[in-house]
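A note on names: the letters A, B, ... follow the listed sequences, proteins ahead of strands, and every chain is numbered from 1.
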2 protein chains.
Amino acid sequence: MAKLTIQRQTILNLINASNQHWDADELARELIIRGHKIGIATVYRGLAALETDGLVNSVQLADKKRYERAVKKHHDHMVCTKCGSIEEFANDTIEALQKVVAHEKGFQMSGHQLILFGCCARCGQQS
Amino acid sequence: MAKLTIQRQTILNLINASNQHWDADELARELIIRGHKIGIATVYRGLAALETDGLVNSVQLADKKRYERAVKKHHDHMVCTKCGSIEEFANDTIEALQKVVAHEKGFQMSGHQLILFGCCARCGQQS
DNA sequence: GTGCGAACGATAACCATTATCGCTATCAAT
DNA sequence: ATTGATAGCGATAATGGTTATCGTTCGCAC
Ligand SMILES: [Mn+2]
Ligand SMILES: [Mn+2]
Ligand SMILES: [Zn+2]
Ligand SMILES: [Zn+2]
């Protein structure tokens, strides 16, 4: 359990008070705006520490990693390739089948990442 | 349909003759070894062009993109977090459920990416 | 042969992330 | 309270995969 410093608490509070999927830079900028002096390296280190301790979760997108509250139950993501918005979904059958597939191959699964790409409802209408 | 230059044919041949998941650098190095003079930028451009034309497929991993033959039927990947090896699997039910989920959310799915992380059979035994 | 457009190769730029390093905050032991 | 060890901070340099730039070259129509 790494130390929960002021800086890390501030990061955690911001994430927990929102429903977004933040990247490190967005978090740093928002914290600066709110008057919290914090270095970008500290944000990266803090996020890594918070994730290790299970206090935040992350989604690894193609270009960057995004962080979100850990208090939500497990879900995967749909990313709109037009507007970049992220929606969440959960499907127990998919989750179960992943474990089955892994087991069949003698693979000890420790995690997974499922991302659907496409056009969200908002963007799809106007195309 | 972009032009299939000598360089791109060489890249394509190498990928098609193998069963690996190559990154750009590995391809460039292997081509150089085999006596084909080719610039790294050309490899990147060539891979992008080949993928656009459906002649190769790619897997976006956390750090880098890897390319493989397009002649195989669709599958997803299991990545060993110890040795980095990549195994393939396919599950029609998972594929179908993804479409169902997307449709439920009014999401027009154009693609997806499913990666299982964990310990492969080889690495799992010795741990 | 000349001209044009696409692609090439070398290399600089980009950008998210990580490493470095001097400094500071924390805290236990004296 | 002072010391010393340790962890974290902040500024900034470095890293590494990828993309942009630019002058040159290739393929091909005229
Ligand atoms: Mn989420
Ligand atoms: Mn594959
Ligand atoms: Zn959208
Ligand atoms: Zn392995």
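Put simply, CG on Leu47(B) is 10 Å from P on dT19(D), counting in whole angstrom units. Separating the NZ atom of Lys64(B) from the C1' atom of dT15(D) is a distance of 13 Å, rounded to the nearest angstrom. The distance between atom CZ of Arg45(A) and atom P of dA19(C), rounded to the nearest whole Å, is 11 Å. One atom, CD1 of Ile38(B), and another, P of dA10(C), lie 10 Å apart when rounded to the nearest Å. The nearest whole Å value for the distance from the NZ atom in Lys65(A) to the C1' atom in dT17(C) is 10 Å. Rounded to whole Å, the distance from CG on Leu4(A) to C1' on dC9(D) is 15 Å. Going from atom OH of Tyr67(B) over to atom P of dT18(D) covers 7 Å, rounded to whole Å. At whole-Å resolution of the value, CD1 in Ile6(B) and P in dG9(C) are 11 Å apart.
Base engagement by Thr42(A) is indicated by at least one non-hydrogen atom pair under 4.0 Å involving a base atom.
A heavy atom closer than 4.0 Å to some atom of DNA chain C occurs in no member of residues 8-31 of chain A. Scanning residues 48-60 of chain A for heavy-atom distances under 4.0 Å to DNA chain C yields an empty list.
Atom CG of Leu4(A) is separated from atom CG of Leu12(A) by 6.5 Å, given to the nearest 0.5 angstrom. Rounded to the nearest 0.5 Å, atoms CG (Leu14(B)) and CZ (Arg69(B)) are 12.0 Å apart.
The backbone N or O of Tyr67(A) sits nowhere less than 3.5 Å from a side-chain atom of Ser58(A) that would complete a donor-acceptor pair. Although no hydrogens or angles enter the test, the distance criterion places a donor-acceptor pair under 3.5 Å between the side chain of Asn91(B) and the main chain of Thr93(B).
Checking Arg29(B), Lys65(B), Lys64(B) one by one against Asp23(B), the salt bridge (charged side-chain N to carboxylate O under 4.0 Å, His left out) holds for a single residue, Lys64(B).
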Just distance, no hydrogens or angles: give the donor-acceptor pairs under 3.5 Å from side chains in residues 31-49 of chain B, sequence neighbours left out.
| from | atom 1 | to | atom 2 | distance (Å) |
| --- | --- | --- | --- | --- |
| Arg34(B) | NE | Glu30(B) | OE2 | 2.7 |
| Arg34(B) | NH2 | Glu30(B) | OE2 | 3.2 |

For residues 99-115 of chain A, tabulate all N or O donor-acceptor pairs below 3.5 Å that involve a side-chain atom, not counting sequence neighbours.
| from | atom 1 | to | atom 2 | distance (Å) |
| --- | --- | --- | --- | --- |
| Lys105(A) | NZ | Glu88(B) | O | 3.1 |
| Ser110(A) | OG | Phe117(B) | O | 3.4 |
| His112(A) | ND1 | Gln98(A) | OE1 | 3.1 |
| His112(A) | NE2 | His74(A) | NE2 | 3.3 |
| His112(A) | NE2 | Asp76(A) | OD1 | 3.3 |
| His112(A) | NE2 | Asp76(A) | OD2 | 3.4 |
| His112(A) | NE2 | Glu95(A) | OE2 | 3.4 |
| Gln113(A) | NE2 | Gln60(A) | O | 3.2 |

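Checked against salt bridge (Lys or Arg N to Asp or Glu O under 4.0 Å), Glu68(B) has the following partners two or more places apart in sequence or in another chain: Lys72(B). Not counting sequence neighbours, the partners of Gln20(B) by the side chain to side chain contact (heavy atoms under 4.5 Å, CB included) test are Ser18(B), Trp22(B).
When the nucleotides dT12(D), dA16(C), dA7(C) are ranked by their closest atom to the side chain of Ala41(A), dT12(D) comes out on top.
Under 4.0 angstrom from either OP1 or OP2 of dG10(D) there lies at least one side-chain N or O belonging to Gln7(A).
Residue whose closest nucleotide on DNA chain D sits further toward the 5' end, between Lys3(B) and Tyr44(B): Tyr44(B).
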